[in-house]
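As structure tokens, the structure follows; a few thoughts come after it.
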Amino acid sequence: PVFAGTNGSAVENFSCVIYNISLMNCTWQAGRDAPGDTQYFLYWQNSIYDDAMECELYIKDENGRNTGCRFQNVKIATEKAYFLVNGSSKDSLIQSYDEYIHLYKIEKLMPPSNITVNCDEIKSDCIIKWQRPQISHSNKDKCFKYEIIIKYK
């Protein structure tokens with residue numbers, strides 16, 4: 001949804017990704033009709049029980065305009081997180097942008113760890129073992145499907 005303000009001034013292409021278990025990056029582009037001095041500010045609320053917080057570490061473009069945010073120690077809650085990006089300009093009123101996101105849907109999984117391969121030439125078979133990737137929101141093994149690609153050299 002977009003709020004009152006100059007049409008085309010709200011951020012565009014807002015997206016977030018969680019990686020390395022507890023880090024999150026959110027990025028956006030300036031609205032195509034936003035004045036050159038527009039600065040954007042991101043606020044988010046991980047769950048209805050948390051306070052809304054402003055981004056602590058903005059990603060800036062070459063003009064010093066905020067175009068993203070880095071988060072640390074993100075915990076994935078069961079309900080949707082709320083994101084709001086508003087802006088300010090000397091020239092005009094900037095539209096706000098907001099979105100609700102299920103954080104588990106934007107988590108980029110780590111690769112499996114402790115991969116071992118033991119091959120028996122006599123039986124001509126191999127046993128491949130690994131530990132499932134660590135994820136922040138679940139300890140359930142049944143969430144995972146694995147694909148093994150074997151290349152002979």
Side-chain angles (χ1 to χ4, degrees), residues 1-89 92-117 127-151:
V2 172
F3 301 90
T6 304
N7 280 342
S9 62
V11 297
E12 299 174 1
N13 298 324
F14 180 86
S15 71
C16 299
V17 64
I18 292 177
Y19 62 99
N20 279 10
I21 300 153
S22 63
L23 304 178
M24 180 169 68
N25 266 19
C26 294
T27 58
W28 59 83
Q29 291 167 331
R32 70 195 80 160
D33 296 325
D37 75 327
T38 304
Q39 184 59 286
Y40 294 104
F41 306 95
L42 170 63
Y43 299 86
W44 86 302
Q45 191 175 7
N46 194 3
S47 79
I48 54 170
Y49 307 106
D50 294 341
D51 294 329
M53 297 178 297
E54 185 181 356
C55 170
E56 288 184 5
L57 184 60
Y58 282 107
I59 301 165
K60 296 180 180 290
D61 66 11
E62 61 277 0
N63 302 317
R65 180 183 275 176
N66 297 336
T67 56
C69 181
R70 289 195 175 95
F71 299 91
Q72 296 179 317
N73 304 317
V74 173
K75 300 252 190 305
I76 295 181
T78 50
E79 62 266 27
K80 290 180 178 178
Y82 176 68
F83 295 85
L84 170 72
V85 185
N86 62 23
S88 65
S89 162
S92 60
L93 197 60
I94 305 303
Q95 288 179 325
S96 294
Y97 172 90
D98 74 345
E99 186 174 352
Y100 286 90
I101 299 174
H102 274 302
L103 296 187
Y104 68 84
K105 290 184 177 178
I106 60 166
E107 184 172 15
K108 188 174 181 181
L109 299 178
M110 301 288 287
S113 57
N114 295 336
I115 300 169
T116 59
V117 180
I127 296 172
I128 304 169
K129 295 181 179 177
W130 61 86
Q131 285 183 304
R132 71 164 178 79
Q134 194 177 347
I135 58 173
S136 55
H137 65 277
S138 172
N139 285 321
K140 297 188 176 92
D141 283 321
K142 69 177 197 275
C143 295
F144 290 94
K145 291 181 180 171
Y146 301 96
E147 179 180 339
I148 299 171
I149 299 170
I150 298 171
K151 294 183 180 173

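Here the shortest heavy-atom pairing between Ile48 and Glu79 reads N-OE2, 3.6 Å.
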Under the side-chain contact (heavy atoms from CB on, under 4.5 Å) rule, what do Trp44 and Val74 come out as? Steps first, then yes or no, please. CA-CA 12 Å; Trp44 86 302; Val74 173; 4.2 Å; yes

Are Cys26 and Leu42 close enough, and set up right, to give a side-chain contact (heavy atoms from CB on, under 4.5 Å), and what steps lead you there? CA-CA 9 Å; Cys26 294; Leu42 170 63; 4.3 Å; yes

Test side-chain contact (heavy atoms from CB on, under 4.5 Å) on Thr27 and Ser15 and set out the steps. CA-CA 6 Å; Thr27 58; Ser15 71; 3.7 Å; yes

Would you check, one step at a time, whether the test side-chain contact (heavy atoms from CB on, under 4.5 Å) holds for Leu57 with Gln72? CA-CA 9 Å; Leu57 184 60; Gln72 296 179 317; over 6 Å; no

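Legend: disulfide (SG to SG under 2.5 Å) pairs involving residues 33-62, not counting sequence neighbours, sorted by first then second residue: Cys55-Cys69.
In this structure, Met53 and Gln45 have side chains that are not in contact, with every pair of non-hydrogen atoms separated by 4.5 Å or more. Within the 4.5 Å cutoff, the side chain of Ser88 has heavy atoms near those of the Phe41 side chain. Residues Val85 and Asn66 have side chains not in contact (no heavy-atom distance under 4.5 Å, counting atoms from C-beta outward). Under the 4.5 Å side-chain criterion, counting only non-hydrogen atoms from C-beta, Tyr97 is not in contact with Glu12. A heavy-atom distance below 4.5 Å is not found between the side chains of Glu99 and Lys80.
Here the side chain of Asn86 pairs no donor or acceptor atom with the backbone of Ser96 at under 3.5 angstrom. With hydrogens and angles ignored, the 3.5 Å screen pairs no side-chain donor or acceptor of Asp61 with any backbone N or O of Thr67. For the pair Arg70 (side chain) and Leu23 (backbone), a donor-acceptor distance under 3.5 Å is absent. The closest donor-acceptor contact from the side chain of Tyr40 to the backbone of Gly31 lies under 3.5 Å. In this structure, Thr6 contributes its side chain and Ile94 its backbone to no donor-acceptor pair below 3.5 Å.
Judged by distance alone, the side chains of Ser89 and Asp37 do bring a donor and an acceptor atom under 3.5 Å apart.
Between Trp28 and Phe14, the two ring planes are parallel [angle under 30°; tilted spans 30° to 60°]. Between Phe83 and Phe71, the ring planes lie perpendicular to each other; the angle is over 60°, past the 30° to 60° tilted range.
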